[in-house]
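In this chain, residues are counted from 1 in sequence order.
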Amino acid sequence: MSHSTDAPDNVARPLTAGRPPELLPLGGGAHLRRRRVADAAGLNAAVIANLDHLRPWMPWARQAPTLAESEQLSVAGEAAWEQGTDFLYLLGLDADPAAVIGGFGLHGRIGPGALEIGYWVHHGHTGRGLATAAARALTSAALALPGITRAEIHCDESNAASAAVPRRLGYVLDRIEPAAPTAPAETGRKMIWLTGA
């Protein structure tokens, strides 16, 4: 789990004039789809079902979100997509189009020319390579956008499962930075993985 895919940062300036595909097939019966307001109830249920799984790593998982909060986040996510600052996706199953088994995003919080990939996968679907497949698809989508030359994945040094994703994809560990812990399992040492120019 890499920080996060909950609320986009309030960055008003677009990072790119382009937009990534709204649907990214991953193979193996899974896909990423653009997160919409209509998905708020499914996302809310998935987050609530995974709170124990998410709480150690995600600062936004301290408590169960209300449906109204999930709706507000979905509205903000749609606005961020249109503005070109954040691109939020849900991980789903081809056989069950309404299913939500994870949250992913391309986040514009790391500055010009780069997008950070954030992710989490439902505890019942981990260990199947879904996070790696989704991060691979998002890496390609990010680097295809005008003005984007780098993708990054950030995770706490103790989050071995999250760090395995960029490692499998050939990202380079650029540095480890001190960072104040924001979730219970964090050590305060953030790994910064890079790919691209």
Side-chain angles (χ1 to χ4, degrees), residues 1-16 18-26 30-40 42-44 46-47 50 53-54 57-61 65 69-92 99-122 125 130-145 147-148 150-156 159 161-163 165-166 169 171 182-183 190 192-196:
M1 285 168 267
S2 171
H3 277 244
S4 83
T5 55
D6 194 2
D9 291 299
N10 292 326
V11 178
R13 191 171 55 249
L15 292 171
T16 178
R19 300 295 178 268
E22 294 190 11
L23 179 66
L24 294 168
L26 303 179
H31 63 267
L32 289 175
R33 67 181 184 272
R34 179 181 172 179
R35 191 169 101 183
R36 297 284 193 172
V37 173
D39 294 307
L43 176 62
N44 181 264
V47 168
N50 283 275
H53 174 61
L54 297 171
W57 306 110
M58 301 295 188
W60 48 264
E69 289 168 337
S70 294
E71 289 169 347
Q72 290 171 349
L73 290 171
S74 295
V75 168
E78 284 211 40
W81 184 294
E82 296 303 328
Q83 293 167 359
T85 59
D86 277 64
F87 307 102
L88 304 180
Y89 289 87
L90 296 176
L91 179 62
V100 175
I101 61 168
F104 285 73
L106 294 171
H107 303 288
R109 57 188 168 218
I110 55 175
L115 289 167
E116 180 188 344
I117 299 174
Y119 47 88
W120 65 270
V121 175
H122 187 291
H125 294 273
L130 292 170
T132 301
R136 179 182 293 113
L138 288 175
T139 299
S140 295
L143 295 177
L145 290 169
I148 302 299
R150 190 176 78 253
E152 298 185 8
I153 294 176
H154 299 188
C155 63
D156 189 82
N159 192 340
S162 195
V165 171
L169 296 177
Y171 276 62
T182 59
K190 186 194 311 182
I192 312 293
W193 298 84
L194 309 180
T195 193

Quiz prompt | Nearest atoms (heavy-atom pairs only) where S74 meets L43 | solution = OG-CD2, 4.5 Å
Quiz item: So, for L54 and A61, which heavy atoms are closest and what is the spacing to 0.1 Å?
Solution: CB-CB, 3.8 Å
Exercise. Considering non-hydrogen atoms only, spot the tightest contact between G77 and L88 and give its length.
Key: CA-CD1, 3.7 Å
Practice problem: Begin from the C-alpha positions of L130 and H122 and carry the test side-chain contact (heavy atoms from CB on, under 4.5 Å) through to its verdict. | Solution: CA-CA 10 Å; L130 292 170; H122 187 291; over 6 Å; no
Quiz item: Looking at side-chain heavy atoms only, is the closest gap between I192 and E116 below 4.5 Å?
Solution: no
Quiz item: If we only count heavy atoms from C-beta on, is the V47 to W60 side-chain gap below 4.5 Å?
Solution: yes
Quiz prompt | Nearest heavy atoms of P25 and H31, plus distance in Å | solution = CA-CB, 4.2 Å
Quiz item: Once you round to the nearest 0.5 Å, how far does CG of L106 lie from CG of D86?
Solution: 8.5 Å
Quiz prompt | Worked verdict on C155 versus W193 for side-chain contact (heavy atoms from CB on, under 4.5 Å) | solution = CA-CA 9 Å; C155 63; W193 298 84; 4.0 Å; yes
Quiz item: How would you list, by chain and number, every residue that makes a side-chain contact (heavy atoms from CB on, under 4.5 Å) with R36, sequence neighbours excluded?
Solution: E22, R34, D39, E78
Quiz prompt | For the student: nearest non-hydrogen atoms of S162 and Y119, plus distance | solution = O-OH, 2.8 Å
Quiz item: When rounded to the nearest 0.5 angstrom, what distance separates CZ in R33 from CG in L90?
Solution: 5.0 Å
Quiz item: Quick one: NZ on K190 to CG on N159, what's the gap to the nearest 0.5 Å?
Solution: 13.0 Å
Quiz item: So do F87 and T16 actually touch side chain to side chain, heavy atoms under 4.5 Å?
Solution: yes
Quiz item: Just wondering, do L91 and L26 contact through their side chains at under 4.5 Å, heavy atoms?
Solution: yes
Using residues 131-140 as the side-chain source, report each donor-acceptor pair under 3.5 Å to any protein atom, sequence neighbours left out, with the distance given to one decimal.
from : atom 1 : to   : atom 2 : distance (Å)
T132 : OG1    : R168 : NH1    : 2.9
T139 : OG1    : A135 : O      : 2.7
T139 : OG1    : Y171 : OH     : 2.6
S140 : OG     : R136 : O      : 3.4

Quiz prompt | By side chain to side chain donor-acceptor pair (under 3.5 Å) - contacts of S70 (at least two apart) | solution = N44
Quiz prompt | Interatomic spacing from CZ in R109 to OG1 in T85 - rounded to 0.5 Å | solution = 11.5 Å
Quiz item: Mind checking whether L145 and L115 have side chains closer than 4.5 Å, heavy atoms only?
Solution: yes
Quiz item: Counting distance only, does the side-chain N/O of R19 pair as donor-acceptor with the main-chain N or O of W81 below 3.5 Å?
Solution: yes
